[in-house]
Chemist: 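Encoded as structure tokens, here's the structure I'll be asking about.
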Amino acid sequence: MQITGNLLIGQQSVFGSNGEIKAVNAATGATIEPVFGGATLADLDRACALAWTAFDIYRETSPEVRATFLETIAQNILDIGDDLIERCMIESGLPRARLEGERGRTVGQLRMFADVVRNGDFIGARIDPAQPERKPLPRVDLRLRHIGVGPVAVFGASNFPLAFSVAGGDTASALAAGCPVIAKAHSAHPGTAELVGRAVQKAVKDCGMPEGTFSLLFDSGRDVGQGLVKDERIKAAGFTGSRGGGTALMKLAAARKEPIPVYAEMSSINPVLLFPAALENRAEGIAKAFVQSLVLGAGQFCTNPGLVLAVNGPDLDRFIEAASAALKDTAAQTMLTPGIHKAYEGAVERAASHADVTTAARGLEAKGDNQGESALFVTTAEAFRESHDLQEEIFGASSLIVRCPSLDAMLELIESLEGQLTAALHIDEADYADVRRFLPALERRTGRLLVNGFGTGVEVGHAMVHGGPFPSTADGRSTSVGSLAINRFLRPVSYQDLPDALLPAALQMENPLGLNRRIDGKLECVR
Ligand code: NAP
């Protein structure tokens, strides 16, 4: 499939006239053809108008039709073949195996949401039948279903050019909820974005969806991204990226005449807690696994283990020694963009020169441009508490080990942490009593607790939460990964005393969609 540099506005493919976006080879810094045209505000307006017109038609498509649409997107992405992987490798610097896996995840997410749509439980149909005889007052007939919130703006993530970009988790869950999507391509991978965008655009045509169901825009500055969040026809946004970017968009959304939610996934340092018995019994093994998780994908995962907490002593010394030995042999890896590489180098330099931080180990020296060398630092609980900057995410393969004077001090540090996506607990049975004391504080601060593992490798399923209190996400009541992600783009509507002929199919007496429904509070399962 040829990459043209064009915007995809509904079924149109047009070259944007508002400046240029140049794709860059992540490994060499060289620009790659073609040039991408930035969208004008008129392009943005047209995409929003089409999405708004599409909304009422698209959201009433039957579960079967919408599920088939999602499956068609998945198949169209696969049909691009190796061109997609090759382009994405060049633009992101990520290796083939990782991107083939990520494509599998992207396609799997779309198919999972197709199943969710077919199953119909997301509609959450409820019927409280009328009780005309009820005393002292008769009861009205009340019925409830969930509908899509409206057109959704999706900001592609630099670190997941497939699974969290144009047809990634945010797009799949919004489309599943019945919401048209306008994707704002990440400027780090515009060619990948266009290829995937064309797969979605073709699926819209193949399945006879209204053309405004999907558009893809490139932004040569910030006006289009910000204009999307400000446009009154956009009713929610999904974002993965920096804390600065996420909070800027949240502020714009909150300042609108009609404020809207921005589901921003931003920064998290994902504490790893080493409990005493586990540390005594397995310091070296945990250290090796920790370093493998830390350097995975050059550390450019939102769930990267950026903080290790443990009680100071000889067992922690063993852990630090083993982790340092493992990290020293890790190769420097190409990072996603020169900007991200520069930000990483700057943050590592600041950590290394911090008065209360010692460098335990650095990975092997970079052999090319834009490669990040892994880093491991050590500090004290006191210094960590005093210096807020030590709590900030370093996006890359860098982690900080904190020597805590006691378990109580470790628990106190947990209480001082900002919201996190994950917390990983390394424990043996002898630690259970201590772990119980930590659980309430950890639950308050994190979206996912896990035992004897690391947060990297996020399973896409029904019980996954990839979210957490601010600043890990903008809204800790939701998840961006897994089937529950659909809830972000739904809202309930109640129908009182509507005649059957005027009710949506989901709520009609005959149950033509064959949905499981809650009748008078009791779940009636028909499938
Ligand atoms: P980013 O700078 O926040 O950009 C993400 C997306 O939002 C891009 O499409 C960007 O547009 C857009 N954007 C950013 N700020 C905006 C603003 N003020 N107004 C309108 N649009 C805005 O993130 P990034 O480029 O992926 O990486 C930069 C840093 O973000 C990294 O160094 C890292 O610290 C952090 N990051 C964290 C995670 C995580 O999961 N925790 C993931 C990725 C990145 P452009 O495409 O035009 O730049």
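In each ligand, atom 1 is the first atom listed, and ligand 1 is the first ligand listed.
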Chemist: How close does the nearest protein non-hydrogen atom get to atom 40 (O) of ligand 1, and which residue and atom is it?
Modeler: Cys302 CB, 2.8 Å
Chemist: Could you tell me whether the side chain of Asp43 and the main chain of Thr40 form a donor-acceptor pair under 3.5 Å?
Modeler: yes
Chemist: Look at atom 7 (O) of ligand 1 and say which protein heavy atom is nearest, naming residue and atom and giving the distance to 0.1 Å.
Modeler: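 That would be Phe239 CE1, 3.2 Å.
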Chemist: List the residues meeting salt bridge (charged side-chain N to carboxylate O under 4.0 Å, His left out) with Glu100, not counting sequence neighbours, and say none if there are none.
Modeler: Arg96
Chemist: Would you find a donor on one side and an acceptor on the other, under 3.5 Å apart, between the side chain of Asn18 and the backbone of Ala39?
Modeler: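 Confirmed, Asn18 side chain pairs with Ala39 backbone.
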Chemist: Which residue supplies the protein heavy atom nearest to atom 26 (O) of ligand 1, what is that atom called, and how far is it?
Modeler: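 Looking only at protein heavy atoms, the one closest to atom 26 (O) of ligand 1 is Ser158 OG, 2.5 Å.
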Chemist: Check whether any N or O atom of His186, backbone or side chain, sits under 3.5 Å from an N or O atom of ligand 1, and answer yes or no.
Modeler: yes
Chemist: Cut-off 3.5 Å, side chains only: do Asn270 and Ser268 have a donor facing an acceptor?
Modeler: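 Looking only at side-chain atoms, Ser268 and Asn270 do form a donor-acceptor pair, the distance falling under 3.5 Å.
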Chemist: Any salt bridge between Glu258 and Arg233, counting N to O under 4.0 Å?
Modeler: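 Looking at Arg233 together with Glu258, the answer is no, because their closest N to O distance does not fall below 4.0 Å.
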Chemist: So which bit of Phe301 gets within less than 4.0 Å of ligand 1, heavy atoms only: side chain, backbone, both or neither?
Modeler: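 Neither part.
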Chemist: Report, in ascending order of atom number, the atoms of ligand 1 lying under 4.0 Å from any heavy atom of Ser187.
Modeler: 45 (P), 46 (O), 47 (O), 48 (O)
Chemist: Quick one: which ligand 1 atoms are inside 4.0 Å of a heavy atom on Leu249?
Modeler: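 Every atom of ligand 1 under 4.0 Å from some heavy atom of Leu249: 19 (N), 20 (C).
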Chemist: Looking only at distance, does Ala188 have an N or O less than 3.5 Å from an N or O of ligand 1?
Modeler: no
Chemist: Measuring from Ser374:OG to Tyr344:OH, what's the distance to the nearest 0.5 Å?
Modeler: 6.0 Å
Chemist: Within the 4.0 Å heavy-atom shell around Glu265, which atoms of ligand 1 are there?
Modeler: 40 (O)
Chemist: Has Glu211 got a side-chain atom pairing as donor or acceptor with Gln11's backbone, closer than 3.5 angstrom?
Modeler: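 Side chain of Glu211 to backbone of Gln11: a pair is present.
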Chemist: Out of all atoms in ligand 1, which are within 4.0 Å of some heavy atom of Met266? Include the element for each.
Modeler: 37 (C), 38 (C), 39 (C), 40 (O), 41 (N)
Chemist: Among all protein non-hydrogen atoms, which one is nearest to atom 32 (O) of ligand 1, and what is the separation to 0.1 Å?
Modeler: Ile340 CG1, 3.7 Å
Chemist: Whether the side chain of Ser173 engages the backbone of Ile486 through a donor-acceptor N/O pair (distance < 3.5 Å, no angle test) should be reported.
Modeler: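 No; zero donor-acceptor contacts below 3.5 Å.
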Chemist: What are the two closest non-hydrogen atoms of Leu421 and Gly468, and how far apart are they?
Modeler: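 Leu421 and Gly468 have their closest heavy atoms at CD2-N, 4.4 Å.
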Chemist: Gly245 heavy atoms, cut-off 4.0 Å: which ligand 1 atoms fall inside?
Modeler: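 What qualifies from ligand 1 is 14 (C), 15 (N).
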Chemist: With only distance considered, is Lys184 within less than 3.5 Å of ligand 1 through an N or O on each side?
Modeler: yes
Chemist: Please list the nearest protein heavy atom to atom 48 (O) of ligand 1 with its residue and the distance rounded to 0.1 Å.
Modeler: Arg222 NH2, 3.0 Å
Chemist: Return the residue, atom name and 0.1 Å-rounded distance of the protein heavy atom closest to atom 31 (C) of ligand 1.
Modeler: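 Result: Phe395 CD2, 3.7 Å.
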Chemist: May I ask you to identify the nearest protein heavy atom to atom 19 (N) of ligand 1, giving residue, atom name and distance to one decimal place in Å?
Modeler: Gln226 NE2, 2.9 Å
Chemist: Using 4.0 Å as the upper bound for N to carboxylate O, is an ion pair formed by Glu415 and Arg444?
Modeler: yes
Chemist: For Ser398 versus Asn304, what's the shortest heavy-atom pair and its separation?
Modeler: O-ND2, 4.2 Å
Chemist: Quick check: Glu393 and ligand 1, any N/O pair under 3.5 Å apart?
Modeler: yes
Chemist: Looking at every heavy atom in both Val149 and Phe55, which two are closest together, and how far apart are they?
Modeler: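 Distance-wise, the nearest heavy atoms are C-CZ, 3.9 Å.
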Chemist: Looking only at heavy atoms, what is the nearest atom pair of Ala203 and Asn76, with distance?
Modeler: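 Distance-wise, the nearest heavy atoms are N-ND2, 3.3 Å.
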Chemist: Given Ala248, Ser268, Gly241, identify the one with the heavy atom nearest to atom 36 (N) of ligand 1.
Modeler: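 Heavy atom nearest to atom 36 (N) of ligand 1 belongs to Gly241.
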Chemist: Please identify which atoms of ligand 1 are closer than 4.0 Å to at least one heavy atom of Asn159.
Modeler: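 Numbered from 1, ligand 1 contributes 40 (O), 42 (C), 43 (C).
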Chemist: Which residue owns the protein heavy atom closest to atom 35 (C) of ligand 1, what's the atom, and how far is it?
Modeler: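 Result for atom 35 (C) of ligand 1: Ser242 CA, 3.7 Å.
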Chemist: Kindly confirm or rule out an N or O of Asp219 lying under 3.5 angstrom from an N or O of ligand 1.
Modeler: no
Chemist: Answer yes or no for Tyr344: is there a heavy-atom contact with ligand 1 below 4.0 Å?
Modeler: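 No heavy atom of Tyr344 comes that close to ligand 1.
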